[in-house]
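Letters A, B, ... mirror the listed sequences (proteins, then strands); counts begin at 1. Owing to the predicted nature of the structure, the values given are computational and were not obtained by experimental measurement.
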Protein chains: 4
Amino acid sequence: MRKTRTKPSAAAAQRVAAASKNGGQALPDGVEAAGARAKRGAARREAILAAALEEFSAHGFEAARLDDVARRAGVAKGTIYLYFSDKEALFQALVRSYISPVVGTLEHVTHVDAPFRAVAEQLAELFVREIVETRRRDIIRLIFSEGQRFPKLAEFYYREVISRAMSAVRGLLRRALERGEITNEALVRFPQLIVAPGLVAILWKSLFDRLDPLDVRAMLHAHFDNIFGVRRPA
Amino acid sequence: MRKTRTKPSAAAAQRVAAASKNGGQALPDGVEAAGARAKRGAARREAILAAALEEFSAHGFEAARLDDVARRAGVAKGTIYLYFSDKEALFQALVRSYISPVVGTLEHVTHVDAPFRAVAEQLAELFVREIVETRRRDIIRLIFSEGQRFPKLAEFYYREVISRAMSAVRGLLRRALERGEITNEALVRFPQLIVAPGLVAILWKSLFDRLDPLDVRAMLHAHFDNIFGVRRPA
Amino acid sequence: MRKTRTKPSAAAAQRVAAASKNGGQALPDGVEAAGARAKRGAARREAILAAALEEFSAHGFEAARLDDVARRAGVAKGTIYLYFSDKEALFQALVRSYISPVVGTLEHVTHVDAPFRAVAEQLAELFVREIVETRRRDIIRLIFSEGQRFPKLAEFYYREVISRAMSAVRGLLRRALERGEITNEALVRFPQLIVAPGLVAILWKSLFDRLDPLDVRAMLHAHFDNIFGVRRPA
Amino acid sequence: MRKTRTKPSAAAAQRVAAASKNGGQALPDGVEAAGARAKRGAARREAILAAALEEFSAHGFEAARLDDVARRAGVAKGTIYLYFSDKEALFQALVRSYISPVVGTLEHVTHVDAPFRAVAEQLAELFVREIVETRRRDIIRLIFSEGQRFPKLAEFYYREVISRAMSAVRGLLRRALERGEITNEALVRFPQLIVAPGLVAILWKSLFDRLDPLDVRAMLHAHFDNIFGVRRPA
DNA sequence: GATGAATGAGGGTTCATTCAT
DNA sequence: TATGAATGAACCCTCATTCAT
């Protein structure tokens with residue numbers, strides 16, 4: 001998968017580039033094209049979101065300070081309010097902009113016409129590479145953390161991510177059942193069971209990995225073996 | 001399971017009882033005072049913990065206000081500091097006192113000599129009744145939320161809960177393997193796979209249940225069917 | 001006394017640098033604003049220090065409330081923290097900014113080439129006018145009050161004031177000895193003896209003057225008569 | 001001079017002794033003689049004052065905590081209020097009980113019929129030994145520190161200490177003038193000039209001695225040489 | 001648009017004082 | 001008399017948000 005989103009650092013670099021684009025030669029005001037201005041605005045938005053990602057995921061919603069977000073983004077504190085109405089809106093935008101893109105890719109993969117096991121392995125790899133080993137992992141953790149206090153956020157996440165992912169997985173499972181690749185039809189009713197180890201991976205990596213490292217890929221393999229009824233000799 | 005720990009409401013009742021306990025009989029002065037005082041102190045501690053549970057789980061660590069904890073516990077703000085050195089200590093005590101007891105019960109159950117499936121069902125029921133349908137669910141969510149910012153807490157939780165639970169489950173799985181009740185030995189390496197749907201249950205109930213109710217017991221049944229290779233006809 | 005004042009902070013310097021970025025021409029908006037802003041900032045700093053002087057000298061370090069300092073300075077409580085990192089820093093800045101300047105003047109006077117007695121009288125007058133009859137008296141009292149609890153402060157005061165004043169007085173005494181204006185060379189070893197009545201003046205004015213007014217100038221005259229061995233007829 | 005007051009440590013020991021007087025044999029209530037009880041009460045008062053001396057002189061009035069006073073005195077916090085109506089009363093009692101006794105001795109010494117210089121040297125020695133090298137030094141510093149905030153305290157100190165000391169010194173000076181031991185009659189009008197170096201000693205020892213040790217006895221000698229017009233060869 | 005100084009409500013914590021035992 | 005748990009007002013400091021420039 002090609003990156004759907006620039007990484008934080010890349011975004012920052014981009015912002016810097018944009019900022020220095022007209023070199024030192026102070027262009028007369030108004031000469032700068034509207035398009036360039038819009039682009040600069042977009043770059044700033046990105047920079048702020050990237051900074052917010054770092055701060056929110058490091059400290060949580062309450063403890064994250066907009067001062068730090070601003071400093072990290074290289075803008076003034078007030079500038080944040082030009083792009084986001086308040087701290088909460090920034091948080092929601094953050095979730096939106098970093099998580100949604102991945103879902104599209106997920107849906108795309110589930111539509112590939114291939115044996116379930118192959119698709120599943122691909123999904124697992126996608127999940128590990130794009131989420132577990134990424135800052136996105138922290139965003140998801142943030143949703144679990146703050147979701148109850150921000151029902152809107154939980155709802156958005158349910159609509160945009162959970163339900164879409166569940167549908168995609170459900171379709172995949174149904175096809176697998178029809179083909180006889182799996183036999184337990186209860187999985188169709190509880191696609192959560194397919195995803196559950198992914199959750200474990202996210203939390204474990206964040207909380208316990210330094211105490212007891214977890215090989216996520218191996219765990220997910222074992223998980224699929226289980227689902228497909230593969231028997232390993234003791 | 002009989003409670004190892006009094007419930008908040010019970011604590012309050014206990015406090016009242018303690019207050020009225022030595023009715024009329026003239027206990028030697030000092031002894032009476034000391035005993036009653038100690039008991040009252042314990043009751044207060046309980047009350048504060050119960051209140052903290054409500055506030056922390058409703059708002060998270062940072063956003064919870066000790067003012068509210070005090071009010072809810074029916075004590076003055078300063079009183080909290082007689083029992084806990086600061087907000088963080090209160091939080092840790094909360095986790096300790098509400099979670100640890102359950103682990104003991106869990107370990108106990110895993111040592112019962114019965115068919116794996118039966119023990120597993122029992123564990124599931126215990127888990128649902130004592131955690132998922134309880135405030136304890138919120139505590140666990142809190143650990144996931146705040147664990148990264150309080151490494152001590154995560155460590156404590158790992159030592160007290162995770163590693164003990166994993167050992168217990170591992171033992172159970174090993175016995176099941178030996179008896180031929182399960183055939184996938186990878187489960188012994190990843191007991192997390194057994195527990196993963198429990199995690200899903202905790203988070204789902206807290207965040208998405210109002211949008212899309214989840215029948216946790218049914219899901220866990222399906223999970224076990226999967227593990228035991230039970231094939232249901234489509 | 002015209003005083004040199006330190007700039008608010010490094011942030012200001014940085015701001016100025018940023019402001020000067022658009023070359024030098026036609027300083028439109030921005031630069032003018034920057035100048036006005038900087039000036040306003042300096043004025044605020046002054047206002048806060050003046051307010052702090054009142055509050056600290058009226059109540060002592062611990063009992064002085066920053067709330068009152070803010071109110072008196074006509075700023076919000078939080079504003080104080082834009083200029084001083086905390087209460088202690090404010091206190092130290094106060095001492096620094098009000099006391100240090102006087103020492104320079106003192107040193108200057110001791111270098112005047114004139115008969116000792118004349119210089120001494122001038123110093124006394126300076127001391128009375130600029131310290132005893134001024135709020136500076138209270139600052140010195142504050143140092144005596146809080147010095148033990150803030151060793152840094154005592155050290156600063158020793159370095160900036162005491163040792164410099166002692167050196168200056170010592171030089172003066174040495175010249176006087178050489179010229180035969182005084183004969184007791186022990187004074188050179190204990191310049192404190194010259195200054196001691198000044199201390200008395202400071203404390204007496206603050207604590208006992210309303211009960212028993214003291215004519216400080218007359219006392220200092222008598223002090224010099226003593227040193228110079230002037231004999232008055234009984 | 002014989003100690004008029006028990007030293008802190010002695011007081012504590014005395015308290016302990018009093019406490020353990022009836023050994024372990026719980027005497028029936030009421031049997032303990034009223035006299036013993038009064039004695040015990042006095043001992044407690046002493047213990048509290050001694051503890052207060054330590055705490056107040058170490059931290060100042062505001063910053064001293066009654067909790068620490070109680071702990072140091074070996075009594076409960078509430079007990080302090082049985083002996084002193086509030087923190088301020090404790091402070092004033094402290095000053096009274098530790099300073100007043102010394103004044104009596106001072107007055108006594110000034111009435112000795114001996115050459116002024118001899119008496120002066122004796123006074124200096126008394127001052128150094130009983131005040132400068134003692135916790136009393138801190139009490140005097142406390143009066144300077146807190147005097148302005150507690151006018152009652154300053155007034156008490158003026159009446160009990162300052163005015164009595166000044167009278168005594170004045171009498172001494174008058175006799176010295178009459179005998180021709182000194183010639184500067186202005187000293188009679190400003191006895192403060194005699195005492196001033198004592199002040200310097202107190203403050204210097206507390207604030208600057210670690211930076212620049214001061215030989216107080218030598219300084220006072222030099223002071224007297226000055227007053228008596230002793231000329232030392234350069 | 002962009003800035004960052006200024007605001008001020010709010011929270012954690014302390015501690016003199018009280019009072020039931 | 002003695003205790004020490006309990007109180008709650010007070011205070012320092014933070015930080016989201018605003019607004020003049």
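- Remark: P of F/dC13 and CD1 of C/I48 are 14 Å apart, rounded to the nearest angstrom.
- Proximity of D/R65 to the phosphate of E/dT14: no side-chain N or O atom is located under 4.0 Å from OP1 or OP2.
- Atom CZ of B/F91 and atom C1' of E/dG12 are 17 Å apart (whole Å).
- Between A/R44 and E/dA2 there is a side-chain polar atom (N or O) within less than 4.0 angstrom of OP1 or OP2.
- Considering only heavy atoms from C-beta on, D/I80 comes within 4.5 Å of D/V69 through its side chain.
- Side-chain contact between D/Y83 and D/E46: absent, with no pair of heavy atoms (C-beta onward) separated by less than 4.5 Å.
- Where DNA chain F pairs in unbroken runs of 3 or more (Watson-Crick or G-U, both distances under 3.5 Å), the stems are E:2-21 with F:2-21.
- D/L53 is listed as a side-chain neighbour of D/I139, based on a closest heavy-atom distance under 4.5 Å.
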message = Please evaluate residues D/F150 and D/I143 with respect to the criterion side-chain contact (heavy atoms from CB on, under 4.5 Å), reporting the C-alpha separation (whole Å), side-chain torsions for both, the decisive distance (0.1 Å), and the verdict.
response = CA-CA 9 Å; D/F150 300 110; D/I143 290 160; over 6 Å; no
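- If you measure from atom CG of C/L90 to atom P of F/dC13, you get 10 Å, rounded to the nearest angstrom.
- Residue contacts shown for C/A70 are absent, as no nucleic acid heavy atom lies under 4.0 Å away.
- Rounding to whole angstrom units, CD of residue A/E62 and P of F/dT14 are separated by 17 Å.
- Atoms NE2 (C/H59) and C1' (F/dC11) sit 14 Å apart, rounded to a whole Å.
- Put simply, CZ on D/R71 is 12 Å from C1' on F/dG4, counting in whole angstrom units.
- Rounded to an integer number of Å, the gap from C/D68 CG to F/dC11 C1' is 11 Å.
- Two residues are said to be in side-chain contact when any heavy atoms from C-beta on lie closer than 4.5 Å; D/Y81 and D/L66 meet this criterion.
- Evaluation of the side chain to side chain donor-acceptor pair (under 3.5 Å) test over residues 59-73 of chain B, restricted to residues two or more places apart or in two chains, returns B/E55-B/H59, B/E55-B/R72, B/E62-B/R149, B/R65-B/D68, B/D68-B/R71.
- In this structure, the separation between CG on C/L49 and CD on C/E54 is 12.0 Å, given to the nearest 0.5 Å.
- Among all heavy-atom pairs drawn from B/I48 and B/A73, the shortest one is CA-CB, 3.9 Å.
- Taking atom CG of residue D/D67 and atom P of nucleotide E/dT13, one finds them 18 Å apart after rounding to whole Å.
- Taking the six-membered ring where the residue is Trp, the centroids of B/F84 and B/F91 are separated by 6.0 Å or more.
- Within residues 77-88 of chain A, the residues approaching DNA chain F are A/K77, A/Y81, A/D86, A/K87, by heavy-atom distance under 4.0 Å.
- Residue contacts for C/A63: at a heavy-atom cut-off of 4.0 Å it reaches no nucleic acid atom on any strand shown.
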